[in-house]
2 protein chains.
Amino acid sequence: MILSKTTEYALNVLSFMATRNKEMYPAEYLYKELKIPRQYLRRLLTDLSRKGFITSIRGRNGGFVFSRDLSSINFAQVIEAMEGQEAMKTCLLGFTACIIDHPCVMHDLWTEARSKMIETLTNTSLADLKNKYEMDKDTIAQLNNSLIH
Amino acid sequence: MILSKTTEYALNVLSFMATRNKEMYPAEYLYKELKIPRQYLRRLLTDLSRKGFITSIRGRNGGFVFSRDLSSINFAQVIEAMEGQEAMKTCLLGFTACIIDHPCVMHDLWTEARSKMIETLTNTSLADLKNKYEMDKDTIAQLNNSLIH
DNA sequence: TTAAATTACTACAAAAAGGTAGCATTTATA
DNA sequence: TATAAATGCTACCTTTTTGTAGTAATTTAA
C-alpha cells in the first residue's frame, strides 16, 4: 500500500515536469519547487536519466528534459523501474512467497481488485496527467472569472 | 504496492493460523512452519496480541490463539494495525502530499481502482480465507481421487 | 516442588533507506 | 580563456527496519 519515499519522489518529479511547460528543468529549480532534499533529488534525477525517462544536459544552461514522449510513459513503468520488476508482477500486496503452502490461496481473492489497479496505473500516462491538469486549471479559471464579473 | 516485511509476516502468521485447525499455536511451531526469523516472530506475536488479534497464553502448553471470531478480522484491519492508520486512508499509492500544487490531480485518476482494492481488503475476512482454503483442498482431493481410481 | 515449556522484555547488531558534503567534469558565454 | 552554472560521482552520516541474544516471568505436570 506504500511506495518507498524514493518512488514517491520520482512520481512527484516526473508529474511536476509533465505539467509545466518549461524547456529545461535544472535540479536546483526542481529542488526549490518540490522541496525534495537537494542532494537526494540530484541522485534521483541521475537515476531517472539512467532509467531512460529523462535526459541530462550538462554544463551551463543544462538540466533535465524528458527523453521520450509523455504519452509513452505510464505510472506502472515508473513504479516498476523504481521498485523493481517484482513489485508489479507479483501479488499486489507484495507477498514474496505464497502465504500458505500450496498455490497461493490469497491471490485470486483479490485478482479483480489487483488487475483494476494495475490497469489504471498502466493506462495512465504522463500525457493524460498533463491533459487533466490543464483541464482543471481552465475550470478553476472560469470559476474565478464568473465570481469576479 | 509494497507492504513492509513485518506486515507481510503478520498476514502470513494470521492466515496460517486461520487455515489450520489447531487449538494452540506456540511461537516455536509457527517458526518451524513459516520460517520467519525466530526472535522477530516472537516479537511480532506479542505485538499482534497487544493489537487484539490473538491472545497469548504463557507457561507450559501455552502459545497463541485467536482472541476473536475469524469473521471479525479482515485484511484491511490487519494492514492498518501494522502500517498505521494513514496507510489505508490516504491515497493508495501513499502520496504523503499531493504531487502537484493544487488539490491533487492524481487522486481522482485512480479513485475507482483504489476503492475497489480497499473494498476487497475490507470485505475479505480470515473466515473467508479459511473457507476458500478448505474448498480448494477438497477440489484437489477429488481430483487426485479421480486420477487414481 | 522442581524441571520443562512456554511467553515477555530489554538491549544490542546488521542491513536498508534516506540524506549530506564536497569535489570533479562539462558547457555556454562574457 | 576564465568563470559561472550546471550534472556526475564518491564517500560518508543518520534513521528506520529487520534480525539476534539472553534473561526474567509464568505455568503445567512429573
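The chains referred to below are lettered A, B, ... by the order of the sequence lines, with proteins before strands, and numbering in each begins at 1.
Between A:Lys132 and A:Asp128, no side-chain nitrogen of the basic residue sits less than 4.0 Å from a carboxylate oxygen of the acidic one, so the salt-bridge criterion is not met. In summary, A:Glu33 and A:Arg20 do not engage in a salt bridge, as defined by a charged side-chain N under 4.0 Å from a carboxylate O. Using a 4.0 Å cut-off between a side-chain N of Lys or Arg and a carboxylate O of Asp or Glu, B:Lys51 and B:Asp47 qualify as a salt bridge.
With rounding to whole Å, A:Arg38 atom CZ is found 21 Å from D:dC13 atom P. What separates CG of A:Leu41 from C1' of C:dA21 is a distance of 16 Å, to the nearest Å. Put simply, CE on A:Met24 is 11 Å from C1' on D:dT7, counting in whole angstrom units. Note: CZ (B:Arg43) to C1' (C:dT7) measures 15 Å, nearest angstrom. Taking atom CD on A:Gln39 and atom C1' on C:dC23, their separation rounds to 11 Å, with Å as the unit. B:Lys32 places its NZ atom 13 Å from the C1' atom of C:dT6, with the value rounded to the nearest Å. The interatomic distance linking B:Ile54 (CD1) with C:dA8 (C1') rounds to 13 Å, in whole Å. C:dC12 atom P lies 19 Å from atom OH of B:Tyr40, rounded to whole Å.
Projected onto DNA chain C by closest heavy-atom contact, B:Ser49 and A:Pro37 fall at different nucleotides, the more 5' of which corresponds to B:Ser49.
A:Tyr9 comes within contact range of the sugar-phosphate backbone alone, with a heavy-atom separation under 4.0 Å but no base atom that close.
Phosphate contact (OP1/OP2 of D:dA5, side-chain N/O of A:Arg42, threshold under 4.0 Å): absent. Proximity of B:Thr46 to the phosphate of C:dA8: a side-chain N or O atom is located under 4.0 Å from OP1 or OP2. Using a 4.0 Å cut-off, no side-chain N or O of B:Lys5 falls inside it from OP1 or OP2 of C:dA15.
Of the possible donor and acceptor atoms, one in the side chain of B:Asn74 sits under 3.5 Å from a partner among the backbone N and O of B:Thr122.
Shown are B:Thr46, B:Asn12, B:Val13; of these, the side chain to side chain contact (heavy atoms under 4.5 Å, CB included) with B:Leu41 is made only by B:Val13.
Here the closest non-hydrogen pair linking A:Ala27 and A:Arg42 is CB-CD, 3.8 Å.
The distance from atom OG of B:Ser15 to atom NZ of B:Lys130, rounded to the nearest 0.5 Å, is 13.0 Å.
Taking a 4.0 Å limit (strictly below) on heavy-atom distances, residues 55-63 of chain A reaches DNA chain D at A:Ser56, A:Ile57, A:Arg58, A:Gly59, A:Arg60, A:Gly62, A:Gly63.
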